[in-house]
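Everything below concerns the one structure shown next.
Predicted model, so just to flag it, every value in this text is computed and none were measured. All values below were derived from every heavy atom in this structure, side-chain atoms included, with hydrogens, water molecules and symmetry-related copies excluded. Protein chains get the first letters and strands the later ones, always in sequence-line order, with residue 1 at the start of each.
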Amino acid sequence: MSDLRVRFAPSPTGYLHIGGARTALFNYLLAKQQQGTYVLRIEDTDVERSTQESVDAILQAMEWLGLACDEGPFYQSDRFDLYKEKVQQLIDEGKAYRCYCTQEELDAKREAAMKEGRKPKYDGTCRNRDDQPDAPYVVRFKLPTDRDETTFNDRIKGPITFRHNELDDLIIQRTDGTPTYNLVVVIDDAEMGINLVIRGDDHVNNTPRQVLLYEALGYSVPEFAHVPMILGSDKKRLSKRHGATSVMAYQEMGYLPEAMVNYLVRLGWSHGDEEIFSMDDLIEKFSLENVGRAAGVFNPEKLDWLNSHYIKTGDPERLAKLLTPFLENKGVDVNNGPDMVAVVKTLQERATTLVEMAEGAAFYFATTIEYEEKAKNKFLTADKQELFTLLVAELNKCEAFDEANLETAFAAVMEGTGLKFGKIAQPLRVALTGGTASPSIYHVLEVLGKEEALKRINAAVAVLG
RNA sequence: GUCCCUAUCGUCUAGCCUGGCCCAGGACACCGCCCUUUCACGGCGGCGACGGGGGUUCGAAUCCCCCUGGGGACGCCA
C-alpha cells in the first residue's frame with residue numbers, strides 16, 4: 001500500500017459526462033497501480049443545482065465503467081460545520097474578511113472592467129473596513145501580499161506561475177452562509193489526505209488561489225496534474241451538439257464499458273503504438289508522463305472501432321446477457337427463439353454496437369418474416385419454385401443441421417439445379433431472414449434449426465410471385 | 001480585453017527532455033485490390049502532418065525567440 005491518495009470530485013448537477021469519466025479513470029488507474037487510495041467525493045455545495053438524481057446517475061456510470069472507489073462517496077453537504085469553522089478561523093487570523101458589496105455593485109464593476117479591457121477583479125472595497133453593518137455579507141479571502149507570485153509544479157504541464165496582481169480576494173462564503181468551491185475543495189482535499197489532485201485543466205486558473213488557501217489554513221499543498229479538455233469535432237468544448245456527452249448514453253447506444261474505457265484513456269494518453277488495453281493493462285501501464293498536454297478531439301469513429309473490436313473478441317455468454325435488453329427494447333420476444341449465445345456468435349463479426357447486433361438478430365426471433373420490398377422482388381420470384389422445392393427436399397433429408405449435412409444438401413441442390421451456390425443462397429437468405437444481408441447461410445440455418453427453417457422456406461414459397 | 005495553457009497526417013498519437021537512426025512511425029476514418037454465398041471480418045496497398053518566421057548548430061520535428069492558430073479562466077458554478 002503506497003501513500004498515494006487521489007480523488008474524483010464531481011458536482012451532481014447533471015449526468016457523468018465523457019470528460020469527467022476520463023478524469024475519474026486516470027485517478028482510478030493511478031491509485032490501483034500504486035496501490036493507493038481512490039476517494040469519491042460529491043461536491044454538492046451548490047444546494048440549488050445539486051440533485052439526488054444526478055448523484056445516482058454519476059454513481060451508476062462509475063459502476064458501469066468499473067471504477068469502484070476505495071473510500072466514499074463523501075458529501076460536502078454533510079460537512080458544512082467544518083467549513084464554517086475554517087472560515088471563522090481565517091477571519092480570526094485576519095486572513096479573511098466580511099464584504100458587504102452587493103451583487104449589483106460587483107456586476108457593474110465587472111462589466112466596466114471588461115469594457116475598459118481590464119481583467120475584472122474585486123477592488124478590495126471592504127478589505128479594510130472595521131465596522132460591521134447589519135447587512136448581508138460574504139466572506140472573502142484576503143490575497144496574501146507577502147510575495148507577488150505563486151508557482152506550482154504541474155505533473156503534466158510543468159511549472160506554472162501566476163502573478164498575484166492577476167488574482168483578487170475571492171469569496172469563500174456566500175451571503176446565505178454556504179461555502180464556495182475554492183474553499184471546500186482545499187479543506188476536503190487536505191482533510192482527506194489527498195496528495196495528488198488530478199482534474200481537468202479548466203481548473204488551472206483556480207490552482208494558485210487554492211495553493212494560497214492551503215497555506216493560509218496551514219495545510220501542506222498537494223501535487224497537481226491537470227489533464228487537457230476534450231473538444232468536439234469543431235474544436236469547441238465538447239457539448240450536446242456534438243452528440244451524446246453522457247457516459248450512460250453510450251451504454252444505451254450499445255457500447256461496451258471496456259470499449260469506452262479503452263477509448264477514453266487513449267484520448268490524451270498513449271503507450272507507444274499500442275491501441276488495445278484492458279483495465280489490467282492500463283493499471284500496469286498508465287502513467288501521467290505520457291498524458292498529452294493539448295486538448296483532444298472526441299472521435300466517435302474510433303470508439304466504434306474499439307467497440308466492434310470488443311464485440312468481436314468478447315465472451316458470447318456475456319454478450320448474450322448484454323444483448324437481451326436491447327432485443328426486448330425492440331419488442332422482440334427472446335423466449336421464443338433460438339439460443340441467444342448461438343445467435344450472438346453469428347453476429348459478433350458484423351456488429352459495431354449492441355443496438356446494431358439487436359437489429360441483426362431480430363429476424364431469428366420473428367414469428368413471421370417481413371420481406372424487404374426490394375429483396376422480395378428480386379429473389380422471391382415465380383421461377384424460384386423449383387429451387388425451393390428441391391431445397392426443402394434436400395434439407396429434409398438432413399438428420400441435424402450441422403455444417404457437414406448442410407454442405408451435402410447444398411451440393412445436391414447445386415447438382416440438381418445447375419445453379420452456383422450464390423444463386424441458391426441469396427433467395428434462401430431472403431426466405432429465412434427477410435433481407436439480403438445476414439450471417440453465413442449455414443450459420444443461419446444451424447441456429448434456426450430444421451423445423452423453423454423449413455417453416456420459413458415454405459412461407460416464402462407461398463408468396464412467390 | 002487580460003491572464004494561463006497549448007501546437008506532428010482530417011482525428012487520436014509515436015518521436016522532442018538526452019539534435020543526426022525521421023525525405024517522420026502506428027491507429028481510426030477514407031480510397032483501391034484480394035478473400036467471399038450476402039453483409040461483414042480479415043489480408044495487402046494507397047492518400048495524408050512536423051502552423052509561419054527568425055535564430056543556435058556541420059546538422060533541428062527535436063534547443064531558443066517572435067508571430068499566428070486553438071483551448072481555458074476571469075461567477076455569491078464547480
Side-chain angles (χ1 to χ4, degrees), chain A residues 9-13 43-46 48-50 76 99 101-103 106-107 110 113-121 136-140 154 156-158 160-163 165-168 170-182 184-185 199-208 226 228-229 231 233 235-237 263 266-276 289-290 292-306 308 312 347-352 360 375 379 410 420-426 428-430 433 435-442 444:
Chain A
S11 66
T13 53
E43 309 230 320
D44 56 353
T45 53
D46 186 349
E48 292 288 295
R49 300 198 303 170
S50 300
Q76 292 186 321
C99 167
C101 296
T102 65
Q103 194 122 212
L106 296 174
D107 288 347
R110 184 154 36 231
M114 282 281 218
K115 221 172 191 168
E116 292 169 34
R118 287 181 294 114
K119 187 166 185 146
K121 289 192 304 182
Y137 64 89
V138 297
V139 177
R140 285 181 187 272
D154 193 276
I156 291 170
K157 295 170 187 288
I160 299 176
T161 299
F162 284 83
R163 299 195 53 79
N165 59 20
E166 295 297 331
L167 276 24
D168 64 358
L170 83 159
I171 293 171
I172 55 178
Q173 187 178 90
R174 304 182 182 97
T175 309
D176 66 3
T178 58
T180 61
Y181 167 74
N182 280 299
V184 296
V185 74
R199 71 215 322 187
D201 77 3
D202 47 341
H203 286 291
V204 167
N205 295 273
N206 287 326
T207 308
H226 288 99
M229 302 276 86
L231 275 24
S233 50
K235 300 257 182 152
K236 300 290 181 202
R237 197 174 183 150
Y263 179 70
R266 274 288 288 108
L267 180 50
W269 173 85
S270 63
H271 190 265
D273 287 341
E274 290 178 60
E275 293 290 346
I276 306 295
E289 288 65 44
N290 293 313
R293 285 156 302 175
V297 173
F298 183 76
N299 179 211
E301 283 78 30
K302 190 138 186 182
L303 207 211
D304 281 347
W305 175 72
L306 282 164
S308 61
K312 230 174 292 169
L347 290 161
Q348 280 181 278
E349 290 199 337
R350 12 179 80 73
T352 296
F379 293 105
F410 272 82
K420 283 188 184 173
F421 190 89
K423 293 288 181 193
I424 300 170
Q426 241 3 35
L428 178 56
R429 190 184 314 278
V430 177
T433 72
T436 52
S438 84
S440 144
I441 205 74
Y442 286 163
V444 172

Fill in: Short side-chain donor-acceptor distance under 3.5 Å, A:T180 and A:N182
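Note: A:N182 and A:T180 side chains miss the donor-acceptor criterion.
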Discussion item. Does A:T178 form a side-chain contact (heavy atoms from CB on, under 4.5 Å) with A:T45? I'd like the steps, not just the answer.
Written reply: CA-CA 7 Å; A:T178 58; A:T45 53; 5.9 Å; no
Counting any heavy atom closer than 4.0 Å, what does [X] reach on the DNA or RNA strands: base, sugar-phosphate only, or nothing?
| X | answer |
| --- | --- |
| A:D168 | nothing |
| A:P208 | nothing |
| A:H203 | base |
| A:S270 | sugar-phosphate |
| A:I160 | sugar-phosphate |
| A:T161 | sugar-phosphate |
| A:R266 | base |
| A:T13 | nothing |

Is there a side-chain polar atom (N or O) of [X] under 4.0 Å from OP1 or OP2 of [N]?
| X | N | answer |
| --- | --- | --- |
| A:R163 | B:C3 | no |
| A:R429 | B:A40 | no |
| A:K235 | B:G10 | no |
| A:R350 | B:G42 | no |
| A:T180 | B:A78 | no |
| A:K312 | B:G42 | yes |
| A:K236 | B:G71 | yes |

Worksheet item: For A:T13 and A:S50, which heavy atoms make the closest approach, and how far apart are they?
Response: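 Smallest heavy-atom distance, with atoms named: CG2-N, 4.3 Å.
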Worksheet entry | Pair partner, B:U18 [Watson-Crick or wobble, under 3.5 Å] | none
Fill in: Crowding at NZ, A:K423 (>12 non-hydrogen neighbours, <6.0 Å)
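At most 12 heavy atoms, drawn from other residues, nucleotides or ligands, come within 6.0 Å of this atom.
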Item to complete: Starting at atom CZ of A:F421, determine the distance to atom C1' of B:U36, rounded to an integer number of angstrom.
Response: 11 Å
Worksheet item: 5'-most contact on RNA chain B: A:S438 or A:F162, nearest heavy atom basis?
Response: A:F162
